[in-house]
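Down below is the structure, laid out as structure tokens.
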There are 2 protein chains.
Amino acid sequence: MSNRTRQQLVETTSRLLERQGYHGTGLNQIVRESGAPRGSLYYYFPEGKEALVAAALAEQGDRMRRFTSTILSEIEDAVEAVDRVVERLIEFFSVSEHCGGAPLAAVALETSASSERLRTTCADAYQGLIDVFAQKLTQAGYPLQQAQVLATTIVAGIEGAVILSRTQQSTLPMEQVRAALHTLLTQAALAQRC
Amino acid sequence: MSNRTRQQLVETTSRLLERQGYHGTGLNQIVRESGAPRGSLYYYFPEGKEALVAAALAEQGDRMRRFTSTILSEIEDAVEAVDRVVERLIEFFSVSEHCGGAPLAAVALETSASSERLRTTCADAYQGLIDVFAQKLTQAGYPLQQAQVLATTIVAGIEGAVILSRTQQSTLPMEQVRAALHTLLTQAALAQRC
DNA sequence: GTCTATATAGAGATAGAC
DNA sequence: GTCTATCTCTATATAGAC
């Protein structure tokens, strides 16, 4: 079936990129671990590796955005909602055996200087995620500019915390950043009321 | 001369790792761009690529720690001192044509699952940097646990901001995170006085 | 849609001369 | 300390059969 094989390739690529990066992930490994037919890769992605990776990154960006958006819509209080997002990410990080959590970061760092296509794909994915947080914060009454600063800081803090947690093989950095973001959002809200 | 060639290899490796990551940086390229004699690589690093990269990462960690420590010791007020560190990093990011600023992150993400040696080297480097910030904050009167949370958040925020700034080719994310860290540290200090 | 075979290039690493 | 030559492996990509 057409979309089935293609989807296997994209999902396997996403998974491998997350722990090996762009240059560390070979097409042979992708084909092998996906179980997809060997001859299908260049049928679905005639432009080769870069196109396959771009598709995987875009899908990961969508997944992250939907995941975040769902949680933010379920909890009315903005501070608690952001807290819950980070808590859920910590859970995912734990079950991934301390090797997941930043599906875009490695590729972004490796390729931002060499591939415009992959760089912009990552940029769009990050911006989509930032927008989701910013929208929640503006709806909660934060001024627009402050909401944008805070949303960027949330995403940056999470990405950085994942890097630290992966190198330390511990959830502690993510827990610490979660606490700090809670403080930041709470006191920003307080300052705005006074 | 002995140390001269070795140093050329290490410095070139550091520079290439920063924008290409571990698997994207080949030994041939390192030798070529360093201008070091081709035959010297395995003389200075008999254990091969992993050892060379580990040396480069350790040196980058030291460099970052010294850079930060110097600035923090020059400015008495802790909040202003941290602000100044981020400002200086933004300057470096600008002159690197939006491709530098996170010398450890790419390798950390690529290899944390496959190389204990590189993972722990990155972990040690990050911890050294966190300790420098934490020490400044405790000296400024922040309680120990709060200082550790804030120090981790500073480093995580910076690393995440660099990722965003590189993908967006703009200093804006770093500026935004700088502002947010300023708010966080100021209000944490206020809360502690009341 | 999928296969195998292959082209071409580059990787990391080793041996042995100098 | 440094050189060249070479080994082996793997990479991406393509061609052409089925």
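Just so it is clear: chains get the letters A, B, ... in the order the sequence lines come, proteins before strands, and each one is counted from 1. Just so you know, these numbers come straight off a predicted model, no measurement behind them.
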To the nearest Å, how far apart are B/Q29 CD and C/dA11 P? 8 Å
Among D/dA11, C/dG1, D/dT4, the one nearest A/Y44 by side-chain distance: C/dG1
Which nucleotide, C/dT2, D/dT12, C/dA13, lies nearest any side-chain atom of B/L27? C/dA13
Can you identify which nucleotide, out of C/dT2, C/dC3, D/dT2, has its nearest atom closest to the A/R38 side chain? C/dC3
Under 4.0 Å between a side-chain N or O of A/N28 and OP1 or OP2 of D/dT10? no
Do any side-chain nitrogens or oxygens of B/Y43 fall under 4.0 Å of OP1 or OP2 in D/dT2? no
Give a yes/no answer on whether the side chain of A/S40 brings an N or O atom under 4.0 Å of OP1 or OP2 in C/dT2. yes
Are any non-hydrogen side-chain atoms of B/L184 and B/L150 less than 4.5 angstrom apart? yes
When you measure from the side chain of B/K49, which nucleotide among D/dT12, D/dT2, C/dG12 comes out closest? C/dG12
How long is the line joining CZ of B/R4 and P of D/dT2, in whole Å? 11 Å
What's the shortest heavy-atom distance between B/A81 and B/I71, and which atoms? O-CG2, 4.0 Å
Provide, to the nearest angstrom, the distance between the NE2 atom belonging to A/H23 and the C1' atom belonging to D/dA11. 11 Å
Can you say whether the rings of A/F67 and A/F92 are parallel (under 30°), tilted (30 to 60°) or perpendicular (over 60°)? perpendicular
Calculate the interatomic distance between A/R6 atom CZ and C/dG1 atom C1'; express it in whole Å. 15 Å
Distance-only donor-acceptor check, side chains A/Q20 and A/T25, under 3.5 Å: yes
If I take atom CD1 in residue B/I30 and atom P in nucleotide C/dG10, what distance separates them, rounded to the nearest angstrom? 16 Å
Just the rounded figure in Å: distance from P of D/dA13 to CZ of A/F45. 13 Å
Under 4.0 Å between a side-chain N/O of A/T5 and OP1 or OP2 of C/dG1, yes or no? no
Distance, rounded to the nearest Å, where B/N3 contributes CG and D/dG1 contributes C1': 13 Å
Which one, C/dT14, C/dC3, D/dT14, comes nearest to the side chain of A/Y42? D/dT14
Give the cluster check for B/I130 versus B/V79: same hydrophobic cluster or not, with ILVMFWY residues linked at side-chain heavy-atom distances below 4.5 Å. yes
C/dT4 C1' sits how many Å from A/L41 CG, rounded? 15 Å
